[in-house]
Structures are given as C-alpha cells and as structure tokens.
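Encoded as structure tokens, the structure appears first; notes follow it.
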Amino acid sequence: MSTVLATSALCRPGLGGLEPGWVEIEGTTIAQVGVGDPPEGAVDLGAHVLAPGFVDVQCNGVGTDDFADADTDGWRRVARTLASHGVTSHCATIVSTRRDRYDALLAVAAQVCTEARPGTSHCLGVHLEGPFLGGAPGAHDPDVLSPVDLPWIEDLLARHPDVVCMVTLAPEADPDSAAIRRLSGVGITVALGHSDATFAAATKAADAGASAATHLFNAM
C-alpha cells in the first residue's frame with residue numbers, strides 16, 4: 001500500500017527551485033518522485049514545501065540539552081526537536097571537554113545511535129569537535145585543548161568502535177598529520193577548524209586526508 005503526497009512546491013535534489021510535483025511513499029521508502037499532475041488519490045499538501053530531509057553534521061545540541069553533558073533522555077529530546085524542523089539525521093557534536101569524560105559520552109552515543117524511534121532524527125554517530133584545536137578556540141575551553149595524542153585516540157576508538165564518524169582538529173595541533181591519516185584511513189571524516197594555520201599547513205592536512213571544514217572563515 002502506497003501513499004502519494006502532492007504539492008505545488010516540490011524541491012527535487014539537485015534543483016534550485018520549487019515546482020509542482022509529487023512523492024510516492026511505500027512504507028518507509030520513497031518509491032517515486034514525479035513532477036506535474038500527481039496520480040489519482042494523492043494527498044494534496046497545497047503550497048507546503050516537500051523537500052529531502054536535512055542532515056546536520058555539526059549540531060552541539062538544542063535548547064538546554066548539550067551533547068557534551070546531556071544524559072540519554074537529553075540526546076533523545078534533541079533528536080525529537082531536530083525532526084520537528086526537518087532534520088532526518090545528525091551527528092551529535094561534542095565540544096572539547098576533559099579527557100576523562102569522553103568514555104561516558106560515547107557510551108550514551110552508542111546506545112542512542114542504535115535506536116529507531118518514530119518522529120526523531122537518527123543519530124549517525126559522534127562528531128568530536130576537539131579537543132585537538134589551535135589558535136581560534138572560540139567557545140572551547142582553552143584549558144582542555146592540547147596537541148594531538150594519537151595513543152589516546154587509538155584507545156578511544158578501540159573502546160567505542162563505530163561511534164565516532166567525524167573529528168574536527170586544527171592542523172597546528174597535528175603537525176605531522178598522523179592523526180589525520182589514521183582517522184581518515186578508517187573512514188572517519190576529518191574536518192579542519194578552530195585554527196590559525198597557514199595555507200601551506202592546511203594544504204598539507206588536506207593532502208593527508210582532511211576533507212571538510214568546521215566554521216570556515218569564522219575567526220579563521
């Protein structure tokens with residue numbers, strides 16, 4: 001049994017504008033996307049925009065719930081709120097904190113990421129924003145920032161496999177790019193951020209495997 005939703009404001013992936021169209025849904029799967037007049041029996045959404053869900057790769061939390069200190073219920077509240085704004089999946093982004101706090105936070109993430117709760121945004125994993133940052137710390141506590149500690153990273157990933165999906169670090173905190181090569185080599189996206197690195201240092205980091213940026217041109 002399928003449902004067809006029709007709208008005068010369909011946003012198809014890859015196109016810059018809105019157009020009349022429809023989407024056919026079978027269960028939880030999009031079966032077809034069409035433009036123009038919908039099939040008979042479609043649910044008319046009027047002028048409501050029908051668009052692909054958002055994927056938020058840098059979300060530190062919502063309201064009073066911060067992923068850096070929220071409990072399991074807090075993570076779930078964030079997921080419900082994000083879904084209400086069209087975010088279908090997200091990376092729970094943890095700002096720099098004390099090293100001894102990461103285990104508990106990643107344990108919560110491991111639990112939440114395996115849940116399938118209707119009406120919530122799916123947590124894809126954890127985005128570690130720090131603590132290996134550089135000369136543009138912004139809101140991060142300078143007292144917990146440090147150069148890259150590769151053995152600590154290795155131990156953290158071993159204790160919490162398949163939880164970390166993205167890491168933001170500064171090139172000057174990883175001058176030989178060892179962490180960038182290790183993280184990108186196991187499929188973790190490395191973003192450059194909170195940095196005052198030179199163009200040459202940023203290029204070296206990109207050549208080593210960094211493929212994204214966090215807060216690009218914001219105090220950098």
Side-chain angles (χ1 to χ4, degrees), residues 54-62 65-70 75 78 82 87 89-110 113 123-220:
F54 298 115
V55 179
D56 193 338
V57 299
Q58 206 270 342
C59 176
N60 298 114
V62 175
D65 291 310
D66 188 327
F67 288 124
D69 56 26
W75 284 53
V78 172
L82 290 176
V87 179
S89 54
H90 64 282
C91 297
T93 305
I94 298 174
V95 297
S96 301
T97 188
R98 299 193 320 269
R99 302 272 189 96
D100 60 2
R101 300 190 66 241
Y102 283 93
D103 277 314
L105 294 170
L106 295 190
V108 172
C113 289
C123 184
L124 299 170
V126 167
H127 172 182
L128 296 180
E129 190 182 357
F132 308 119
L133 304 181
H140 292 253
D141 181 358
D143 290 339
V144 300
L145 304 185
S146 73
V148 158
D149 182 341
L150 194 54
W152 181 82
I153 293 174
E154 296 277 11
D155 287 345
L156 191 71
L157 297 180
R159 290 193 300 274
H160 305 279
D162 303 320
V163 175
V164 177
C165 59
M166 187 171 184
V167 173
T168 291
L169 56 77
E172 62 268 35
D174 186 27
D176 61 0
S177 301
I180 295 174
R181 287 192 296 271
R182 176 69 178 102
L183 292 166
S184 61
V186 295
I188 295 173
T189 298
V190 178
L192 306 182
H194 291 281
S195 170
D196 60 2
T198 63
F199 178 80
T203 300
K204 177 183 176 182
D207 290 341
S211 59
T214 299
H215 304 312
L216 184 63
F217 302 127
N218 182 0
M220 290 197 293

Atom pair SG/CH2 of Cys123 and Trp75 - distance to nearest 0.5 Å: 5.5 Å
Test item: Thr93 side-chain N/O and Cys91 main-chain N/O as donor-acceptor pair under 3.5 Å: yes
Donor-acceptor list for residues 203-214 side chains, cut-off 3.5 Å, not counting sequence neighbours:
from: Thr203; atom 1: OG1; to: Phe199; atom 2: O; distance (Å): 2.9
from: Lys204; atom 1: NZ; to: Pro175; atom 2: O; distance (Å): 2.8
from: Thr214; atom 1: OG1; to: Thr168; atom 2: OG1; distance (Å): 2.7

Donor-acceptor under 3.5 Å (Arg101 side chain, Ala68 main chain): yes
Residue pair Phe132 / Ile153, side-chain heavy-atom distance below 4.5 Å: yes
Ring geometry between His90 and Phe67 (parallel below 30°, tilted from 30 to 60°, perpendicular above 60°): parallel
Side-chain donor or acceptor of His194 paired with backbone N/O of Gly134 under 3.5 Å: no
Separation between CG of Asp65 and CG of Asn60, rounded to the nearest 0.5 Å: 12.5 Å
Flag, side chain of Thr198 to backbone of Ala201, donor-acceptor distance under 3.5 Å: yes
His215 side chain near Glu129 side chain, heavy-atom distance below 4.5 Å: yes
Straight-line distance of Cys165 SG to Ile188 CD1, nearest 0.5 Å: 8.0 Å
Side chain Asp174, main chain Ala179, donor-acceptor under 3.5 Å: yes
Backbone of Leu145 reached by a side-chain donor or acceptor of Asp141 within 3.5 Å: no
Reported CG-to-OG1 distance for the pair Leu183 and Thr189, which is rounded to 0.5 angstrom: 10.0 Å
Any donor-acceptor N/O pair, Asp56 side chain to Val87 backbone, under 3.5 Å: no
Approximate separation, where rounding is to 0.5 Å, of Leu157 CG and His160 NE2: 9.5 Å
Heavy-atom side-chain contact between Val55 and Leu124 under 4.5 Å: yes
Heavy-atom pair of closest approach, residues Ala109 and Val163: CB-CG1, 3.8 Å
Check: Leu128 main-chain N/O paired with Tyr102 side-chain donor or acceptor under 3.5 Å: no
Heavy-atom closest pair, residues Ala158 and Pro161: O-CD, 3.5 Å
Heavy-atom side-chain proximity of Cys59 to Leu82 below 4.5 angstrom: yes
Side-chain donor or acceptor of His127 paired with backbone N/O of Gln58 under 3.5 Å: no
Close side-chain approach of Arg99 and Val144, heavy atoms under 4.5 Å: no
CD1 on Ile94 to CG on Asp66, rounded to 0.5 Å: 9.0 Å
Qualifying residues under side chain to side chain contact (heavy atoms under 4.5 Å, CB included), relative to Asp162, sequence neighbours excluded: none
Step-by-step side-chain contact (heavy atoms from CB on, under 4.5 Å) determination, Val148 to Ile180: CA-CA 10 Å; Val148 158; Ile180 295 174; over 6 Å; no
Asp100: salt bridge (charged side-chain N to carboxylate O under 4.0 Å, His left out) partners, not counting sequence neighbours: Arg98
Arg181 and Asp176 ion-paired at < 4.0 Å: no
